[in-house]
Amino acid sequence: MFNIILFGPPGSGKGTQSERLIAKYGLKHLSTGDILRSEIARQTRLGLEAKGYMDKGELVPDEVVIGMIQSALEENPEAPGFLFDGFPRTTAQSEALDKLLAAQNTEIGLVLALMVSEEELVKRLLNRGRTSGRSDDNNEEVIRARITEYHKKTSAVAEYYQKFGKVRYVPGEGSVDEIFTSLLNEIEQRRS
Ligand code: AP5
Ligand code: MG
């Protein structure tokens with residue numbers, strides 16, 4: 001089993017590159033943002049709780065997202081590996097994930113960290129906000145709040161995995177194909 005974290009700030013291309021990576025490697029894609037948006041669409045209790053945080057650009061509480069990931073891991077015992085997108089986002093989430101994976105005799109193989117300038121992130125998200133219907137994309141203040149939350153709580157996740165020598169930084173600006181090629185190179189190097 002080879003498990004990957006695709007890491008990076010809001011708008012860095014995690015979702016875009018995840019689609020390509022799962023097609024190439026057959027990994028199970030676990031995006032906590034996508035799961036939360038589907039809970040909101042179905043108006044579940046969890047979705048209603050999460051919406052208040054997401055609309056403000058704040059992180060949803062750790063216990064909520066850790067519980068979601070635990071269920072997703074349990075529901076996919078046959079997966080050849082997982083691609084985590086937007087999770088973990090705090091040190092507590094990283095520690096919880098490591099424990100959940102260890103219980104299944106597996107671990108994170110690689111953390112791929114996409115690097116994109118703040119100016120480019122805001123530009124991409126405002127642009128997508130015109131059509132996405134995502135309530136956290138159509139307001140620059142909320143986009144900035146998401147980026148601030150990333151610096152305050154999420155960038156520490158890369159430092160956490162760096163201690164284990166698992167992080168590779170990849171330039172996240174350029175064409176989608178170029179970035180995908182860089183990600184593949186890192187994965188192939190790690191697996192060989
Ligand atoms: P989440 O859904 O994870 O959103 P995010 O991390 O803020 O980032 P995005 O999904 O907007 O961007 P992305 O990196 O996937 O980039 P994408 O490929 O879409 O989280 C949303 C919210 O849910 C959080 O704020 C939080 O409230 C909550 N949440 C989620 N997980 C949580 C957790 N673990 N703990 C607590 N709370 C959690 O690309 C962005 C745009 O750029 C697109 O329009 C795309 O077409 C474009 N683009 C992509 N690549 C390129 C390129 N190379 N050049 C130009 N444009 C590009
Ligand atoms: Mg995404």
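Indexing begins at 1, ligand by ligand and atom by atom, following the structure's order. Atoms considered below: every heavy atom in the structure, side chains included; atoms not considered: hydrogens, waters and symmetry mates.
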Student: Using a 4.0 angstrom limit on heavy atoms, which residues are close to ligand 1?
Tutor: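 Protein residues near ligand 1 are P9, P10, G11, S12, G13, K14, G15, T16, T32, G33, L36, R37, M54, E58, L59, V60, V65, G86, F87, R89, Q93, R124, L125, R128, R134, D136, R146, G174, V176, I179.
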
Student: Rounded to the nearest 0.5 Å, what separates atom NZ in K123 from atom CG in L126?
Tutor: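 It comes to 11.0 Å.
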
Student: So which atom in K166 and which in I108 form the shortest heavy-atom distance, rounded to 0.1 Å?
Tutor: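 In terms of heavy atoms, the two residues are closest at NZ-O, 2.9 Å.
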
Student: Under the salt bridge (charged side-chain N to carboxylate O under 4.0 Å, His left out) test, which residues partner R144, sequence neighbours left out?
Tutor: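 R144 satisfies salt bridge (charged side-chain N to carboxylate O under 4.0 Å, His left out) with E118, E140 only.
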
Student: With the threshold set at 4.0 Å, does a side-chain nitrogen-carboxylate oxygen contact exist between D137 and R128?
Tutor: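 A salt bridge is present here (some side-chain N lies under 4.0 Å from a carboxylate O).
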
Student: Answer yes or no: is there a donor N or O on one side and an acceptor on the other, between the side chain of T106 and the main chain of A102, under 3.5 Å?
Tutor: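 Side chain of T106 to backbone of A102: no pair is present.
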
Student: Is it the case that the side chains of Y53 and D136 hold a donor-acceptor pair, with the cut-off being a distance below 3.5 Å and no angle test?
Tutor: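 Y53 and D136 do not have a side-chain donor-acceptor pair below 3.5 Å.
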
